[in-house]
2 protein chains.
Amino acid sequence: MQQRPPKLTEIAERLDISAATVSNALSGKGRVSADLAKRIREMADELGYVPSLSARALRTGLTGVIGLVLPDIGNPLFPQIAQAIENAATDAGLGVLIADSRGSIKAQTEAIRHLKDHGVDGMIVVPRRGTRVGDIGCPVAMIDSPSTPGNTVSADHWGGGFLLGEHLAALGHRKILLIGNHRNSIVQNDRLGGVRAALAAATTQTIWLDSPSMASGDGFDATHWYADGYTAFVTVSDLQALNVLTHLQNAGIGVPAMASVSGFDDLMFASVVTPALTTVRMDMPAVADIAIAALKQAIETRAAADSQTVKAARDRVPMTLVVRRSTGPTQQEEGKKPAFTKTSEGELDR
Amino acid sequence: MQQRPPKLTEIAERLDISAATVSNALSGKGRVSADLAKRIREMADELGYVPSLSARALRTGLTGVIGLVLPDIGNPLFPQIAQAIENAATDAGLGVLIADSRGSIKAQTEAIRHLKDHGVDGMIVVPRRGTRVGDIGCPVAMIDSPSTPGNTVSADHWGGGFLLGEHLAALGHRKILLIGNHRNSIVQNDRLGGVRAALAAATTQTIWLDSPSMASGDGFDATHWYADGYTAFVTVSDLQALNVLTHLQNAGIGVPAMASVSGFDDLMFASVVTPALTTVRMDMPAVADIAIAALKQAIETRAAADSQTVKAARDRVPMTLVVRRSTGPTQQEEGKKPAFTKTSEGELDR
DNA sequence: CTGAAAGCGCTTACAG
DNA sequence: CTGAAAGCGCTTACAG
């Protein structure tokens, strides 16, 4: 039916007052008598008035939309991030425009430009590994590792790793293998650093799958390490953990009876596999809330200060250890079910 | 630095011509002499002119932004969808605003309203199961099952299932168990219907995990069926397949040596597990292209016809069988590596 | 407390 | 082929 939506002046006409007054009343600037303001609001409701964001944007220079730049939408962690950001933004009355910096750093730059062209008031960037985002002419909140310069908010990856390390130590593991993907990833180093710190009394060995020695040959073979006495395998992500888990199972090494496998991120499949994966989870909603709050504040005070990376917060959100069943080696742990919501399997496909 | 961006009138002033002419030249309406148009474009480039979308939106009533409504951003299939849509939209010069209809149908309605309030020109909706979206006052493209009324474009789920069924038949399986999650899901019925049709000569049995008998007790136990002679397990999603796979392995039933497990969607972990999952994949980019094209056309012709669900296309995009290693029962298949890109593990966490 | 007026930066008939 | 003018729907000083 595409009814032409009522505009502000229509409310004004009906009430025989000026558009300015309607605008003031609706924006709650308080320059209107309580009584009149109430009548205006009622009329607006009655007419189903929805302000034109385009007009407002043109006038105020603010669109009420922020951009979300992700290194790769295909990233399995993306749903968690996007969902948390979308929720927080919606609560803050902001729209979220997404952009995928798929592939290259160049693509990241393009994505940022694309968003700017679309007039976002600010953006949240999960930068590509090793990337820095310069001044882009609008406020930016970065979600990265706490050790990254320019970071605004992030989970406490080191602390999360420490929790996991303590857990494994308590279970009695003495030889633990730590498996990382990219040796120059700050996040991965933070995570494994925490694990190592908690396992100072045990034997740990760290291997990086992107190292030359690994890249050649058939790569990593968990059974080999198992034969060497390693009973626990700590990976830097659940995807890697899944890989190790199924490898071991496939080779007849029981998990958690004979070996323990754990990951990070609590990806949606972590609770679906048998045995369920023990993992370390970030509090994405908290990260998102902080990022949005910082961004919003920066947008609001933007007029005064120059637009810059939002550095106000620099928060470090704690991580949570999610103990499930893969906790060997002697199966001490019965595995509590996690309290938080997991991805609804029901909506998998319809 | 937030330099005030140059506006159209500045170009006009510098060239000592009218704003109208600049506008015409830049929008390529062709009412400007080629020579002048060229000079205008050069000046625009030189000044780094970026049109104000807000102003254009106010004037034309079109924002150049579409909304993407997903049933649940947490859905593991979401990354594929979002990425494909974002790519197609960007190519079409459109921005994508996301909305999560998490949880309820009510939330879906709210999400749609939220997007409308933000002035999207149209939207792409992946509706919640069993949901219909009424007229919302702007063009809508629905991505659902081909059998769903109002559907605009979708993968050929039945056809994909048929491919999988044929494959299993060719491998010599005689007793195949089909496992669905929601007995009233159109997509799932389409998929399993296709499988069944191709396996007409074999024995198939279908169970639904949401049926009362399943809901009670400990639910589904693959080993029980294996003992009963079933050698192939077809699930309606890779997540389910992963569950079955790890269950079997955990119980000492080798895959693919003793049993075959397959799924749908080619979720990012499908190629990471051992053995890699055989699955059926939709061509998301094709789906996205069709949806965006249909939407764009509807937006452009919107003035004339009333806004409605886009029904132009109703396309049925073919699905692809991805044969990997889980294809038993006699391990005939050596498992080709899939040709398409899988989610870059590298960006898992940084 | 309320209103008249200007203007945000474009595009689009309409003239010339 | 080019330009003058109006207007999209708001908000914001500025008066009263």
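Because only heavy atoms are used, hydrogens play no part in the values below, and waters and symmetry mates are left out as well, while side chains stay in. On a predicted model such as this, the values are computed, not experimentally measured, just so you know.
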**Q** Rounding to an integer number of Å, can you tell me how far A:L62 CG sits from D:dT12 P?
**A** 10 Å
**Q** In whole Å, what is the span from the CG atom of A:D16 to the P atom of C:dC1?
**A**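 Going from CG in A:D16 over to P in C:dC1 covers 20 Å.
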**Q** What is the distance, to the nearest angstrom, from the CG atom on B:L58 to the C1' atom on D:dC10?
**A**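 My rounded result for the distance is 8 Å.
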**Q** Looking only at side-chain atoms of A:A20, point me to the closest of C:dC10, D:dG3, C:dA4.
**A** C:dA4
**Q** Can you check the A:I11 CD1 to D:dT11 P distance for me, whole Å?
**A** 11 Å
**Q** Under 4.0 Å: is that the gap between some side-chain N or O of A:S18 and OP1 or OP2 of C:dA4?
**A**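 A:S18 to C:dA4 OP1/OP2: no side-chain N or O under 4.0 Å.
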**Q** What is the nucleic acid contact for B:S52, judged by heavy atoms within less than 4.0 Å: base, sugar-phosphate only, or nothing?
**A** sugar-phosphate
**Q** For the pair A:E86 and A:L68, evaluate side-chain contact (heavy atoms from CB on, under 4.5 Å) and give the outcome as yes or no after the intermediate values.
**A** CA-CA 9 Å; A:E86 198 267 346; A:L68 174 59; over 6 Å; no
**Q** Counting only side-chain nitrogens and oxygens, does B:T21 get under 4.0 Å of the OP1 or OP2 atom of D:dG3?
**A** yes
**Q** Expressed in angstrom and rounded to an integer, what is the separation of A:I17 atom CD1 from C:dC1 atom P?
**A** 15 Å
**Q** Between CD1 of A:I66 and CD1 of A:I292, what distance do you get to the nearest 0.5 Å?
**A**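 A:I66 CD1 to A:I292 CD1: 3.5 Å, rounded to 0.5 Å.
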**Q** So which nucleotide does D:dA13 pair with, by the Watson-Crick or G-U wobble rule with both distances under 3.5 Å?
**A** none
**Q** Contact class for B:L53 vs. all strands (heavy atom < 4.0 Å): base, sugar-phosphate, or nothing?
**A** nothing
**Q** Is the backbone of B:S23 close enough, under 3.5 Å, to the side chain of B:S27 for a donor and an acceptor to pair up by distance?
**A** yes
**Q** Given side chains that start at C-beta, do those of A:I85 and A:I143 come closer than 4.5 Å, heavy atoms only?
**A** yes
**Q** Report yes if at least one side-chain N or O of B:S23 is closer than 4.0 Å to OP1 or OP2 of C:dT11; otherwise report no.
**A**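 So the side chain of B:S23 is within the cut-off, an N or O lying under 4.0 Å from OP1 or OP2 of C:dT11.
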**Q** Give a yes/no answer on whether the side chain of B:S33 brings an N or O atom under 4.0 Å of OP1 or OP2 in D:dT2.
**A**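 So the side-chain polar atoms of B:S33 do come within 4.0 Å of the phosphate oxygens OP1 or OP2 of D:dT2, strictly under.
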**Q** Select from A:R56 and B:A55 the residue whose nearest nucleotide in DNA chain D is closer to the 5' end of that strand.
**A**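 Taking each residue's closest nucleotide, the earlier one in sequence belongs to B:A55.
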**Q** Is there side-chain contact between B:H114 and B:L97, with at least one heavy-atom pair below 4.5 Å?
**A** no
**Q** Among C:dT2, C:dG9, D:dT2, which nucleotide sits nearest the side chain of A:L36?
**A**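 That would be C:dT2.
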**Q** Give the rounded distance in Å between these two atoms: CG of A:N24 and P of D:dA13.
**A** 11 Å
**Q** Rounding to an integer number of Å, can you tell me how far B:D117 CG sits from D:dG9 C1'?
**A** 15 Å
**Q** When you get a sec, tell me which of C:dC8, D:dG3, D:dG7 is the closest nucleotide to the side chain of B:R59?
**A** D:dG7
**Q** For the pair made of CG in B:L26 and P in C:dG9, what is the distance, rounded to whole Å?
**A** 16 Å
